[in-house]
Amino acid sequence: MLLRRAIVEGRRSALIAAPAHAVRLFHARPRRPPPARPPRDRSSSSADPASQSKSDDPRLARLQDAINVFHGSVTSGSAHSPRAAYNTLVSCLTTFHGQCKVLRIPPSIRFQLQGALVRLAGSRYDEDFDLLGDAVRRSARLFGVQVDAYAKDIFSRLLVDHRTRSAFHWLEMSTKMPDLHYALKVDTWRDLLEVVAELRDESLLERILRKMEKLHMYGRQETSALIFSALFRSPPSSPRRPPPFEAVKHLINIFPPCRIPYDEVSLQTIVDGYTRAGREDLAKDAEYIYVSVQGGSGSVSHEQFNKILADLARRKPRDAVVRAYNRFAQIGLQASITTLEAVLGESTNLSDLKYWEQLTQQKPNSRILSLIMDRRATRNSSVLEVYEFARTRGITLTATMLEHMVRPLLTSRGLERPTERAIDKALGLYEEHIGRISPSPTEPATNDEDMRPTAATYRLLLRALTASINVPKYLPIAVALVADMQRFERRLDSPTAASVLVLLMTSSPTPQDAFRMYGLVARSMEQSSNPVLDEGGYVAVLDVFCRHPGWPNGVPSTQLYFEILADMRKHGIPLGPKAYTVLIAQMAKLATAAATGDDMATREAIAKTIERVHNHLTVNPSFTPDTALWNQLMDAYQRAGCFAEAVRIWQSLFASATFNAASVSIILDACAFARAYDMAVRVYSLLNEVGFPMSTKNWNTYLECLCRLGRLDEAMKVLCLEMTGRDDGIEPDKESLRIVLKFAIKNNQEGEVRSRLKRFLPKLYHAVLSDLS
């Protein structure tokens with residue numbers, strides 16, 4: 001009677017109360033209103049239809065009814081305590097004492113009872129958690145499972161349903177029960193942390209971490225990595241924004257009191273997460289926060305400290321960098337010259353340098369001053385102040401600093417050549433620097449790469465010298481600079497090397513001296529088979545070499561010329577038409593000039609030179625001349641009076657069908673000057689046979705050829721009959737009439753020619769007369 005009265009009235013008797021070790025967890029929770037009397041019959045109204053299947057055993061049916069009523073009282077949302085329904089369930093369970101193993105309890109009953117306990121775990125009331133602890137034990141005995149495993153199943157279902165706060169409350173209560181061991185395992189808490197972090201419930205994360213610290217479950221590096229990996233997790237199908245920076249910052253700040261150590265993987269996860277989202281600024285800020293809070297000399301390298309400081313110096317005001325430096329100094333940063341460079345950032349002010357020098361107690365070196373000079377030069381600011389600062393401090397003046405001093409002196413006028421005063425001052429700085437590192441040219445060059453003048457310095461100086469109009473003054477200096485370059489193992493770029501060679505070779509008294517200058521620059525500077533000159537540089541050198549005024553009769557040495565071509569092949573530079581055009585064009589020019597004189601020796605020398613070029617083209621298997629080059633060679637032959645050689649080239653071009661309009665004009669000119677009428681007519685006939693479309697210039701050349709050969713009447717027939725009314729649209733032009741009129745005057749046939757022109761080409765004739773008048 002006393003037991004029944006205790007159940008009905010909902011009192012806490014020793015028979016139904018929770019065990020003594022299941023103490024209350026949250027004393028501040030609200031209390032429920034007094035429990036209502038249990039309904040007399042709720043099985044028909046509140047039972048789950050899926051669980052209505054009754055067993056033949058009436059006790060099992062009563063158990064089903066009791067679970068239905070308990071489940072309904074938990075899930076109804078009522079403010080009344082489910083204690084009464086639970087007492088009824090407990091009374092029913094006592095009838096199964098010792099017989100649980102022989103009963104076949106349907107899975108629906110198991111699931112429904114566990115579902116009720118899961119919902120009860122989300123309750124706001126203390127007494128419900130007392131009830132829950134007792135219910136878990138009784139249910140585990142009923143179903144024949146371990147209490148610890150059954151309690152963990154409830155926790156797992158709460159996590160699956162993302163009811164993380166309920167899961168945390170249940171886990172907290174479980175830690176108070178000695179027989180629930182799962183709650184004292186770190187992996188269980190990590191499972192909770194991962195889900196909470198993925199849901200981005202930052203306040204709950206903090207509560208969990210602080211609770212773990214109280215339970216002496218000190219977080220390891222894996223705990224930190226797990227939290228941030230879940231926080232920044234984003235499915236590819238539906239990417240989401242990274243967590244708020246303030247939330248991440250707050251989380252980092254609570255790690256030290258929760259005894260979670262520094263973890264490089266966690267830091268990289270944060271940085272990568274913000275970087276993927278396009279927030280590099282937040283990534284860098286988060287890196288600074290994490291290192292300043294979690295880092296130390298044993299976990300953060302000196303290089304990483306300096307990298308963060310350098311980034312802050314580029315993005316933040318000086319006060320922020322000072323705070324960061326002081327913080328890093330507290331946690332183990334030992335300042336070095338690299339630290340001074342980092343905190344200086346992109347500043348070019350010597351006042352900033354002096355401030356950081358005092359704070360870090362590091363003296364600036366050549367590298368830092370060189371960086372400042374480089375930035376000043378980029379911004380077109382004066383570098384002289386920095387140069388003088390280095391001198392007064394006794395800081396070594398490096399080659400890079402010399403370059404920064406020389407550059408503005410020689411480039412400040414833009415495209416205009418520098419003044420002699422600027423050149424002399426730059427040369428003075430160079431000589432002063434060389435005097436410090438190598439007082440005598442006979443002494444070995446310094447092995448300190450930072451002290452050897454840079455290739456850019458030589459390039460600036462030599463370009464200035466080659467641009468100067470005072471060649472006699474600067475030629476010896478340029479030669480000395482080239483020698484210094486060899487001594488210090490420096491190379492020029494191709495345009496500068498070509499410019500220097502043009503200056504040296506032009507100023508050389510003899511062609512042989514010019515060739516030695518070529519060897520000095522182009523050959524002696526070659527390293528690892530890399531050419532100093534490119535194709536354009538070689539062509540410029542060949543042109544200067546051919547036009548040197550010291551050649552006898554102006555005819556250059558083909559032997560030396562071909563040696564330069566051999567150097568081009570040696571270095572893999574293709575021998576294009578330009579390499580031969582230089583010499584052929586020079587020979588054609590000389591041949592034209594020699595044609596009017598009586599110097600047969602010069603004409604023979606020109607012809608032999610052209611022949612050697614022809615032979616070189618023929619025997620060179622690595623190069624196939626194009627039509628333009630053959631045309632140029634044919635023209636050079638005809639100008640040198642070598643008609644037979646010119647005809648052979650024409651025949652070769654015609655046979656291979658590689659000739660063009662220029663080829664036609666050249667061979668017709670050759671026929672005219674060689675007095676070869678039959679050959680001219682043959683060329684004309686062959687062109688007609690193959691249907692070659694002669695241009696107006698070709699027709700005019702043929703007209704001139706006939707006139708020169710004394711065939712003025714034939715030329716008039718071609719002009720008035722064959723050139724007019726053509727299907728290809730070619731018509732005589734004013735030049736056509738001028739040609740025949742010029743030769744008509746010479747042959748005293750002007751009246752006859754004018755009459756025929758007036759008859760056959762009246763409009764064009766009057767146009768020519770108008771031009772002449």
Side-chain angles (χ1 to χ4, degrees), residues 366 369-370 372-374 376-392 395-443 445-446 450-493 495-509 513-514 517 520-521 525 544:
S366 301
L369 292 180
S370 179
I372 295 176
M373 293 178 72
D374 186 35
R376 287 198 173 197
T378 303
R379 301 169 189 175
N380 294 323
S381 301
S382 174
V383 297
L384 181 60
E385 180 188 7
V386 185
Y387 196 79
E388 294 300 330
F389 175 83
R391 277 182 169 180
T392 56
I395 297 173
T396 303
L397 301 174
T398 64
T400 305
M401 298 169 71
L402 172 65
E403 177 189 337
H404 291 317
M405 285 295 294
V406 167
R407 185 181 298 278
L409 288 172
L410 302 180
T411 61
S412 60
R413 292 167 57 89
L415 297 178
E416 297 184 24
R417 63 169 58 97
T419 63
E420 283 196 29
R421 180 180 180 184
I423 295 175
D424 292 342
K425 187 170 183 179
L427 288 172
L429 290 170
Y430 170 79
E431 292 170 0
E432 180 184 337
H433 181 80
I434 294 299
R436 286 194 300 268
I437 64 174
S438 180
S440 172
T442 60
E443 294 183 5
T446 176
D450 291 336
M451 301 304 295
R452 296 185 177 193
T454 64
T457 300
Y458 285 110
R459 182 167 57 250
L460 290 165
L461 291 171
L462 288 170
R463 280 184 176 175
L465 297 181
T466 56
S468 173
I469 60 176
N470 196 346
V471 176
K473 175 180 178 180
Y474 293 121
L475 177 61
I477 298 175
V479 174
L481 287 177
V482 172
D484 283 351
M485 290 187 67
Q486 297 175 15
R487 190 157 59 103
F488 294 117
E489 299 178 351
R490 294 292 186 246
R491 286 169 53 86
L492 290 174
D493 58 78
T496 305
S499 299
V500 171
L501 269 174
V502 167
L503 170 69
L504 298 178
M505 295 175 71
T506 302
S507 305
S508 299
D513 290 332
M517 291 298 176
L520 174 67
V521 176
M525 286 189 178
V544 172

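What you are looking at is a predicted structure, and each value in this text was computed from that prediction instead of being measured.
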For [X] and [Y], work out which heavy atoms get closest and say how close.
X	Y	value
Leu475	Leu503	CD1-O, 4.1 Å
Ile423	Ala464	CD1-O, 3.7 Å
Ala478	Leu504	CB-CD2, 4.2 Å
Met451	Leu397	CE-O, 3.3 Å
Leu460	Leu410	O-CD1, 3.5 Å
Ala467	Arg417	O-NE, 2.7 Å

| Under 3.5 Å side-chain donor-acceptor pair for Thr496 and Ser499 | no
| said: Could you check whether Tyr458 and Tyr430 have their ring centres less than 6.0 Å apart? | reply: yes
| task | Under the side chain to side chain contact (heavy atoms under 4.5 Å, CB included) rule, collect the residues that match up with Glu431, sequence neighbours excluded. | result | none
| remark: For Ser508, the side chain to side chain contact (heavy atoms under 4.5 Å, CB included) test, sequence neighbours excluded, returns Asp513, Ala514, Met517, His548
Quick check for you: to the nearest 0.5 Å, what is the distance between [X] atom [atom1] and [Y] atom [atom2]?
X	Y	atom1	atom2	result
Leu465	Lys473	CG	NZ	10.0 Å
Asp493	Leu462	CG	CG	10.0 Å
Ile434	Leu429	CD1	CG	12.0 Å
Ile469	Tyr474	CD1	OH	10.0 Å
Arg421	Leu409	CZ	CG	10.5 Å

Is there a side-chain contact between [X] and [Y], using heavy atoms and a 4.5 Å cut-off?
X	Y	result
Thr466	Val471	no
Met405	Met373	yes
Val482	Leu520	yes
Leu461	Val406	yes
His433	Met401	no
Ser370	Glu403	no
Val521	Met485	no
Pro453	Arg490	no

Taking the side chain from [X] and the backbone from [Y], do they hold a donor-acceptor pair closer than 3.5 Å?
X	Y	result
Thr392	Phe389	yes
Thr398	Asp450	no
Gln486	Leu481	no

Is [X] salt-bridged to [Y], cutoff N-O under 4.0 Å?
X	Y	result
Asp374	Arg379	no
Lys425	Glu432	no
Arg487	Asp484	yes

| request: Check the pair Val500, Arg463 against side-chain contact (heavy atoms from CB on, under 4.5 Å), reporting the backbone distance first and the verdict last. | output: CA-CA 7 Å; Val500 171; Arg463 280 184 176 175; over 6 Å; no
